[in-house]
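None of the values given here were measured: they were computed from a predicted structure.
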Amino acid sequence: MTTGPWIKTTCAVALLGAVLTGCGRKGDLERPTVTPAPAGTAQEAAPAAPVKERSFILDGLLE
């Protein structure tokens, strides 16, 4: 194989990686014109229940 196809393949893979990375950007959840909810909403009134710690199959490697 000559150098030309290697350069084209490398550039294509780099471009594909850049495009796929850009597609994964997480945008804002609200439109910029929406004002945030006031601090005294019902969400803050109820405390969140504690989440039970679940084990993962690879946790033994970290201990």
Side-chain angles (χ1 to χ4, degrees):
M1 224 175 180
T2 61
T3 307
W6 283 104
I7 293 174
K8 290 179 185 177
T9 303
T10 303
C11 290
V13 169
L15 180 64
L16 182 65
V19 168
L20 292 177
T21 301
C23 290
R25 183 192 176 278
K26 183 176 180 181
D28 297 333
L29 297 177
E30 298 176 351
R31 295 186 314 253
T33 58
V34 176
T35 57
T41 62
Q43 294 175 350
E44 291 182 10
V51 178
K52 183 180 175 187
E53 182 74 26
R54 296 185 343 183
S55 63
F56 185 65
I57 194 168
L58 297 177
D59 281 345
L61 295 174
L62 297 175
E63 294 175 355

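Separating the CG atom in L20 from the CG atom in L15 is a distance of 9.5 Å, to the nearest 0.5 Å.
Every residue meeting the side chain to side chain contact (heavy atoms under 4.5 Å, CB included) condition with I7, not counting sequence neighbours, appears here in chain and number order: T3, C11.
Residues F56, I57, L58 make up the rest of the hydrophobic cluster containing L61, defined by ILVMFWY side-chain heavy atoms closer than 4.5 Å, directly or through other members.
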